[in-house]
Structure formats: structure tokens, C-alpha cells
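Below is one structure, written out as C-alpha cells, with a few remarks after it.
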Amino acid sequence: MDSYIITIGIFIAINSIVVSGLNIIVGYAGQISLGHAAFFGIGAYTAAILATKAGLSFWLSLPVVIVITGTIGLLMGLPSLRVREDFLAITTIGINFIVEAFFMYVPFFGGALGIGGIPRIEFFGTPLHGFAFLVLCLVFLVIALFISWWFTKAWCGLACFTLRDDEVAASTIGVSPVKFKLLAFVIGTAMAGIGGALYAHYMRFISASDFGFPVSVMMLSMLVVGGMGTVWGPILGAAILGILPEVFRPLIDYRMLLYATLLLLVIRLQPGGILGDNGFVKSRLKAFSRGGKNEK
Amino acid sequence: MSLLEVENLHIAYKEIEAVKGVSFFVSEGELVSIIGANGAGKTTILNAIMGLVPSQKGSIKYKGKDITNLPPHERAHMGIRIVPEKARLFPQLTVWENLMTGIYGIKKQISLEERLKWIYGLFPILKERETQPAVTLSGGEQQQVAIARALISDPDLVLVDEISMGLMPLLVDKVFEVLKELNEQHGKTILLVEQNALASLKISTRAYVLETGEITFSGTAEEVINDPRIHEAYLGG
């Protein structure tokens, strides 16, 4: 397979994992986050430092990455207990800038130079690159999807949905807002961490600006376009927003403009996202299952 | 010992005092009504019992335990459920999922099948609506889901807030009948807050009359109905 296409595939797969994590926080538990790239970065930096300074392999550092991003995610989830909606969005933006500045100005994290020389992931002694790395990413994506799907079926998922729909009513039926908001933050940020670790080992060089606020915006855009609160939405969103810039490469200067236009169109025409309730995919499927009759 | 004991409860929204030192109790197996005009503080009292609004002074005891400072979800775990004003369902979830949220955390303790059969017996329309998102239901249907969601957990104390509001008259009768049946045949303890004084008094054991944040009269339902002042003020002469 063409290495160009493989590279795009790898980025889409990594973004799908990270956006699936965001989906659990935003789509399932209803806690808006505009700072998800911070956790993507925390995962990447943890993996990078463990690999370059401690000489740990990806497989050994992975549990550490999950624990560290999940723990920091838990701490960063605390504001969601006190602020909501617009104010939570602003708080998470703040978190993103703080984390980025941390990586940028603390010498331990390589400062403005970032961290280079991150080794490839080895699988039984064979370094993974190209297609093999894509397969590895897809394996993690399947796990992420499974967790997302399981969440929609499990009690903790239902509890998160009730928080999203009506927090007060949720508490009156015995759902602890504290417990389930934090649970969503921990799982969602840990998934971002895994994506970050994959990213670090694939790029083999990372710097703070890879995990800035615009990246968070892009991730939320992917989620909104694909469909919040759906299992497959993050993949569709990551694929669309991953492929479009390549297709429109001649228009690279207008990339942000295209993003904005797409986002506005989705918000105007498909407010639930393309795969969301009342999205055209679902209504087409319904029409199809009724033998093409589109009854009102 | 009373199941619920409220003593000298004070609740204020900013400077406005909505409830001014209210004391009352509900014993096990009773159906108690709090009646009063709009803005008397009825809903505020219910919300305080559920833990949704903080109280400034006073205490709320439930099963002999002081719950004044417990968060709502812990009160829910202790067996208190509220049927809120205007249903407050989870709009994006289906009727079935809404019902399931009602047994969150206590799934293993109850026989789901039996409860569901009972619930669907009370409200047959819910079976038909099972797979619909709650937001697509009519007001009356939503109200029924809200009652079902509270009842499915087999609660020890049910708080019912303005159930008759926004329901068509036929359904109001039906809902009061269900409450009566719950109380008489299933021994459920119910605290009812209503503007529709006559309908609620008819099914109550006892009642309290609330006026601008204070209890001005209390007694058995019969006493309240027969008191001339109450009769004039709330029951239309």
C-alpha cells in the first residue's frame, strides 16, 4: 500500500481513538471539553520521556501512560463538578494552555525543542512501521470502539447519559454526579493518552505545539461532525476531517476556513452530527428499512 | 416513629424566604398532602426533602437519621423518590431506558420482570412507547413515565410534586386513583404536594395547609375538608 495513504490512515486511526475518548466525556456524559489535546499531549509526553529517558518499551510504558493521563484527567475533571456548559468550556481551554505551556517551558520536557529520538514500537523484536503500525493503531481503535460500545450498554453508561440529559433528575434517582462525571473524564482522558503514546512513537519527535488549543478544537469538530454520543461518529468525523485537508491540499491556506464552513453546515443541517439522531444516515436507514417509504 | 420528620425548616432563595420554619411529619403507610396556593412554598419543601435545595435552618429526619446535609443521590439510595413537577425525564433516552434509570444501583435487589409487569399494568401506554425517545411523548405520557420511573425502584417514600398539572382531567383522575391504590394496597408512603386541593384531600390520610411559607392548618383529610375557612379558600366555597 502507498505509504502516503498509510500515513493518513494512521493519523485517522489515532485521532479516532482520541476523539472516542472525547466522545465519552462530551457525547456520553455531556461535559463539554475544549482541552482534550492536553491529555493527548500528556500521553505523548509520558510515552516519549519513558522511552527516551528511562528506556522503557512502548508496551511497558503503556500502563503508566494510562494511569498518568487517567489520574490527571481525574484532577482536571474536578472543575466540571463546579462549573458547567460555557464556563466548563472556558476552564478546559485554560487547562489546555497551562499544559501546553508546561511542556514548552519546563526543561525536563525538552522546552521549545520538544523531545526527539523516540524509538519505534517493537513487536517481538521487530520494529513496527508503515502498514504494521497502521494495524497496531487499528487494534487499539477496535479496543476503543469496544469500550465506547460497552459504555452504551452498561449501567455506568446509562448513568452518564442521565447526567447529560438532566443532572438534577439524575441525582434524584440515585446517580452520583461526582462519581460518573469523573469516571467519564478518567476513561476519556486515558483513551486520549493511549492515542498520544501511539502518536509519539509514530512521529518519533514531539513538541508542545502539537497539543495546543487548535488541536482540541479540531478534535471537538471531528466529534460534532461525526455525531456526538454515537459509537461510530468519532471515526467518521476523524476520517472526514482527516481526508478533506489532503483532498484540498492545493487550498491548504484555506483549511481553517473549510473546517469552519463544514462545522457550520453540520450545525445548521445535521445538529446531532452525521451519525446522530435525526442525522441523514439514520433517516436514510429508516426509510430503507420501511421499503423506501419515507412516512412522516 | 415517623418515617419522615421535618422540623423548623427554613429555606430562602437569596433574600427571599420561601419556607419559614415549617414542621411536619409523615408516618409509614400514610398519604399526606400539603395543599396551598401557587408560591406558598410547596415545591420548595419537596425539593428540600430530596436534597435539591439547601435549607438555612432546621432538620430533616428520615428513618430516624438526619439527612439534612446528604446529597440527593444518597437520599435516593435510602429509598426516597420524587415525581418531579413537569416529569423531568431524560429526553434523549427511550422510555425503556428512562424506566431502567429508575432501578439504577438496586437492580439486583428487585425482581425486574415483576415490577415491569406491574408498571405496565398501571400504565399500559408505556409498553407501546417503550422504544420511543422520551422527548416524543405527550405531557401526560411523560408524567406517567415519571411516576413509573419513581415506582420501579419500590421506594419507601414517594414525593409527588403537582402531578395534576398539565394533565387532561381524565388522566388526573387516573393518576390519583393510582396513588390511592399505591397507598392503600401496596402500603406506599406518599407525600403529595398539590394545587388541586379537593382531589388530593380525597385520597389523603392527613393534610397540611401551607400559606406563604408557613403551615396554617393541619389535620386529617376530613377535618381539612370540613373546616369552613379552608373550604372557602381552597375548595371553592
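Letters A, B, ... mirror the listed sequences (proteins, then strands); counts begin at 1. Every value quoted in this text rests on a predicted model; they were computed, and no experiment measured them.
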Which bit of [X] is near chain A, if near means a heavy-atom gap under 4.5 Å: side chain, backbone, both or neither?
{"X": "B:Arg149", "result": "side chain"}
{"X": "B:Pro84", "result": "neither"}
{"X": "B:Leu52", "result": "side chain"}

If you compare all heavy atoms of [X] against all heavy atoms of [Y], which two are closest, and at what distance to 0.1 Å?
{"X": "B:Arg88", "Y": "A:Val168", "value": "NH2-CB, 3.7 Å"}
{"X": "A:Asp166", "Y": "B:Phe90", "value": "O-CE2, 3.5 Å"}
{"X": "A:Ser171", "Y": "B:Ala76", "value": "O-CB, 4.1 Å"}

Separation between [atom1] of [X] and [atom2] of [Y], rounded to the nearest 0.5 Å:
{"X": "B:Ile103", "Y": "A:Leu158", "atom1": "CD1", "atom2": "CG", "result": "9.5 Å"}
{"X": "B:Met100", "Y": "A:Thr162", "atom1": "CE", "atom2": "OG1", "result": "14.0 Å"}
{"X": "A:Thr172", "Y": "B:Ile82", "atom1": "OG1", "atom2": "CD1", "result": "6.5 Å"}
{"X": "B:His73", "Y": "A:Ser176", "atom1": "NE2", "atom2": "OG", "result": "3.5 Å"}
{"X": "A:Phe161", "Y": "B:Asn98", "atom1": "CZ", "atom2": "CG", "result": "12.5 Å"}

Side chain, backbone, both or neither: which part of A:Ala169 has a non-hydrogen atom closer than 4.5 Å to chain B? both
Considering residues, nucleotides and ligands other than [X], do more than 12 of their heavy atoms fall under 6.0 Å from its [atom1]?
{"X": "B:Gln56", "atom1": "CD", "value": "yes"}
{"X": "B:Lys180", "atom1": "NZ", "value": "no"}
{"X": "B:Lys61", "atom1": "NZ", "value": "no"}
{"X": "B:Trp118", "atom1": "CH2", "value": "yes"}

Has A:Asp165 got a side-chain atom pairing as donor or acceptor with B:Gln92's backbone, closer than 3.5 angstrom? yes
